[in-house]
Structure formats: structure tokens, C-alpha cells
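Notes follow the structure.
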Protein chains: 2
Amino acid sequence: MPRTKGDHEARRRDVSEAVWRVLAAHGFGGLTLRAVAAELDATTGLLTHYFPAKRDLVAHALDLLERRTAARPRRPAGKGVSAVRAALLDVLPLTAEATDSNRIWVSSWDTALADPALSGDYARKYAQSRDKLRELVAAAQQLGELPAGDPARIAAGAQSFVLGLVVQALFDPAAFPLHHQVELLDDYLATLASPPSSSGDHVAPA
Amino acid sequence: MPRTKGDHEARRRDVSEAVWRVLAAHGFGGLTLRAVAAELDATTGLLTHYFPAKRDLVAHALDLLERRTAARPRRPAGKGVSAVRAALLDVLPLTAEATDSNRIWVSSWDTALADPALSGDYARKYAQSRDKLRELVAAAQQLGELPAGDPARIAAGAQSFVLGLVVQALFDPAAFPLHHQVELLDDYLATLASPPSSSGDHVAPA
DNA sequence: GCATTTACACAACAAGCGTTACGGTTATGT
DNA sequence: ACATAACCGTAACGCTTGTTGTGTAAATGC
């Protein structure tokens, strides 16, 4: 029984949702034509019509992941450090949707690391994210809320911190409940806000 | 032409090495019986003899990953913050072997996140790693090299930091050369060593 | 020295994968 | 109204996957 109404736009959304559900359930490695088709109560013939080849499905999945992540509801961002905090909080798996998104994201790293082209995409994507963060850091510095220092380096450090926190929270949600994640992030921001220790030459020779 | 000498212990090492090469080359998602067999110039029959089922191969690969990571040459660790720094530096992809190890590690997250049992293993593994780090942090605190504060929280934060740094460095080695990784880590340690800002109530309501 | 077990190669299997060809139904353009 | 295209089910293809069974040469135990 084919679709009687030609709302092919809504159909596309259905397909995307099915892809999303498969990704959330079985990870990026479990993304298969038949799994998506089953989620749609359809056959692989439908999918080959929307995606000529598997790589197009994968590309769509990646695009979907990026757009859904970007379209996630952001908390109201203030100025200065508050804006930095808001941006970092938006990354953490504090809601069910954010958890799904992050889980899919992490699971995609396997595929991405195996493909140099995809690796490049990811490198660019994260660089862009760092750059966005860098602007917020620089703004906070100009407000005097963060000590001086290369904003790019601070941004890279902050991004590292939340990225690692995401991974740990995904694997051990019991050990990283919402308030704990927020606490850890605030600890980090507090140390950032304090001036760096000048005498810090406890550094051992490599 | 079967092995003439009965060094079945050495044979096991050959198998492990082949598994490792496959993992390094094609990631955890590319771990297949035939790929490993090809790396050994053997057939799948050999592998089924060592590993009754695929899950046993996967388990062995995970074990291999853990043991090789643990057996990586550690830099001489001093006392206090220096020991913390050494432990964190040992995680970063600063050598070719560490890069392989980390790449395989990250690529395994896809498989692990899809399997609740494996997820639990990883949760325990990382918890244990945090605990080890917590001891080092507590020791540094007793030496007065780190300000007071829950050592477990500091350890969790530090582990987050290096974990995220590993991921970023893997995807964008050009943007994260060795010295840059060390710089970022030292930045982080410097902020840790400085006393937290007491007036830090720039915090926006969630 | 003979029986048993170990350590493989070889070959085939069913299942799942992406891909392709074909047909029929519905929408679209003229 | 009629030709054309879009949409999608059906079915099969070839390939790869993990798994299994059989055969055989070497190692081992007695």
C-alpha cells in the first residue's frame, strides 16, 4: 500500500527519524539498510531510492547528527564566563536527547577514525567548535572575568575537558549524575578564573 | 605445513600481534576473523581453534588492549604533582605506540556502548583509573603542591581533561603536536595548582 | 610403538550485508 | 487524457561474515 498523499517532505522526515532511532539503539556500527527499513516498516527498496549507496546513508546520518546537535535547545547565554559555561553545559549529556546525541557522536568515532576523509571532516568540525569557544573566552577576558592568556589554548583545554567528561558520563551515568557533571565543570571554570600559579615549576624533565 | 616446533606459546603471541595489527589498521569495527587470519598467513580454522566464537576474539582483543596499555613504558614518576603529571602524560598519544593504543581504544567505544555488559566493564575500568589518579592527587595535596579539595573530584576532572585531549589529538594531530599537548596539560596543571577563586559566583542559574 | 590429543588447513554452510533489476502504483507535466 | 516521472515493494544477486565439520600431520602420553 503506497503512500496516497504526496507529502514526500514528511516522508523524508520519517526516514531521518528512523535513521536516528537505529543510531540511538545500535550505534553507528549498527547502521544498516535493513535496520532502518524495519524501523520504517518498509523495505530496502525505499532506502535505495533516497540513498543511491550506503555511503550516502552514512553521509546523511552524519549530517543528521550535526544538525540535530546544532539544533538542540540552547540555554540562555549571558556574557563573559557565563556564556562560556552555558556553551560547555550545552555539550554535556544532561538530557535524554543530549545523551542520545552524544552516544551517537562517540560511536561514530570508530567509523571516522578508519576513514581519512571523515577524520578530516571531524578535525575541521572540532576546530570550528574550538574557534567558537575561543571567541567566548576572549570576550570573557575582555570583561576581566578570565585572566589573560592565549584564548585559543584556553578554548582547546576547555573543549578537551567537556569532551572527556562526556565520554565518562556516557559509560558511567551512575558515577556522573547531572549535578556531578555540573559540579565538575564549575570546578574547572573556577580554576580557570583564578590567576595561574606563577611559581609552578614542579615540572619534571620529559 | 604445520608448525614443526611445539612453541605454542610463541604462536599465541603471533596471533595476538596479528590481532593488534588489524585493530591498528582497521579499528575495532574492522576486526574480522579473516582479516586476522590473513595477517597470519593462515585460515579461519586456526582462529576458531584459539577462539571458539567471535566474542572470545573480541574479549581477547579488549584484554590485549588493556594489557598493552598497562604495559606501556611509563616515564619515571616523581612525587606529588610531578607524579600526577607523569601519569597523565602517559595517557596522551605522544608516541607511535601510544597513538595506536589510543586509536584502538577510541574505536572500541562504538562496540562497548552498544553492549551493556561491555559498557559496565568500561565503567569499572575508568573508575579504577580515576581511583589510581585520586591517590596521586591526594599525595600531592599532602605535600602541599595542590590546594585542598575532594581528591576524587580533582581526579575525575583531570581524567576528563586528558581523555578529551586524546580524542582531539587523534582526529587532528596537526593541530595537536606533541609540545602542544604537553603545553595544554601543563596549563591545566598550573590552574589546578593555583588556589580556586573564592568569589567565583559568575554562575548563571541553570 | 601405539593411541590419543593437539593444531591446524580445507571446504562448505546459513545469515546478513549492500546492490541491482524489474513491476506496479501514484503523482506530475502538458 | 495521456506520456512521463517519481515512489516503493519484491526478489534476487554476489559478497562477506561467523560458524561448523571433516581430514590430516605433528606432538604427547603411556
Side-chain angles (χ1 to χ4, degrees), chain A residues 1-19 21-23 25-64 107-108 110-111 114-115 117-118, chain B residues 1-19 21-23 25-62 64 107-108 110-112 114-115 117-118:
Chain A
M1 54 181 83
R3 283 278 171 277
T4 59
K5 311 188 67 174
D7 40 4
H8 78 297
E9 191 127 338
R11 196 73 177 129
R12 276 194 174 269
R13 264 198 301 269
D14 286 349
V15 173
S16 291
E17 254 211 43
V19 170
R21 280 197 299 271
V22 170
L23 287 176
H26 306 98
F28 223 89
L31 178 63
T32 172
L33 292 179
R34 283 171 176 80
V36 177
E39 201 76 33
L40 275 167
D41 278 320
T43 65
T44 64
L46 187 156
L47 291 173
T48 62
H49 181 252
Y50 286 93
F51 312 107
K54 172 71 179 292
R55 79 176 62 85
D56 300 309
L57 212 199
V58 175
H60 177 73
L62 286 168
D63 187 56
L64 200 65
S107 86
S108 78
D110 183 22
T111 308
D115 182 347
L118 278 182
Chain B
M1 57 182 84
R3 283 277 169 277
T4 59
K5 312 187 70 174
D7 42 3
H8 78 300
E9 191 127 339
R11 196 70 176 132
R12 277 194 173 268
R13 264 198 301 269
D14 286 350
V15 173
S16 291
E17 253 210 44
V19 170
R21 281 197 299 269
V22 170
L23 286 176
H26 307 98
F28 222 88
L31 179 63
T32 173
L33 292 178
R34 283 172 176 82
V36 177
E39 203 75 32
L40 275 168
D41 278 320
T43 66
T44 64
L46 186 156
L47 291 174
T48 63
H49 182 251
Y50 286 93
F51 312 107
K54 172 71 180 292
R55 79 177 63 84
D56 301 308
L57 212 199
V58 175
H60 177 72
L62 285 168
L64 199 66
S107 87
S108 79
D110 183 21
T111 308
D115 184 345
L118 279 182

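So that the names make sense, note that chain A is the first sequence line, chain B the second, and so on, each numbered from 1.
Atom NE2 of A:H26 sits in a sparse spot, with 12 or fewer heavy atoms from other residues, nucleotides or ligands closer than 6.0 Å.
A salt bridge does not link A:R13 with A:E9: every distance from a Lys NZ or Arg NE/NH1/NH2 to an Asp or Glu carboxylate oxygen is 4.0 Å or more.
A close approach under 4.0 Å does not occur between any side-chain nitrogen or oxygen of B:H49 and OP1 or OP2 of C:dC8. A close approach under 4.0 Å does occur between a side-chain nitrogen or oxygen of B:R11 and OP1 or OP2 of C:dC8. Taking only side-chain nitrogens and oxygens, B:T32 comes nearer than 4.0 Å to OP1 or OP2 of D:dG18. In terms of phosphate contacts, B:T43 brings no side-chain nitrogen or oxygen within less than 4.0 Å of OP1 or OP2 of C:dC8.
The distance from atom CZ of B:F51 to atom P of C:dC8 is 12 Å, rounded to the nearest whole Å. If you measure from atom CG of B:L33 to atom C1' of C:dA9, you get 15 Å, rounded to the nearest angstrom. Atom CG in B:D14 sits roughly 14 Å away from atom P in C:dA7 (whole-Å rounding). Distance OH (B:Y50) to C1' (D:dT20): 19 Å, rounded to an integer number of Å. For the pair B:L47 CG and D:dG18 P, the interatomic distance rounds to 10 Å; values are reported in whole Å. With rounding to whole Å, B:L46 atom CG is found 16 Å from C:dT6 atom P. The distance from atom CG of B:L31 to atom P of D:dT16 is 17 Å, rounded to the nearest whole Å. Rounded to whole Å, atom C1' of D:dG9 lies 14 Å from atom CG of A:L40.
Among the nucleotides D:dT20, C:dT19, D:dG18, the one closest to the side chain of B:K54 is D:dG18. The nucleotide whose nearest atom lies closest to any side-chain atom of B:T48 is, among C:dT19, D:dG9, D:dT20, D:dT20.
Pairing each heavy atom of B:F28 with each of B:S107, the nearest pair is N-OG, 2.9 Å.
A donor N or O paired with an acceptor N or O is not found under 3.5 Å between the base of C:dG16 and the side-chain atoms of A:R34.
No donor-acceptor pair closer than 3.5 Å links the side chain of B:D115 to the backbone N or O of B:A112.
Within the 4.5 Å cutoff, side-chain heavy atoms of B:L62 are placed close to those of B:L118.
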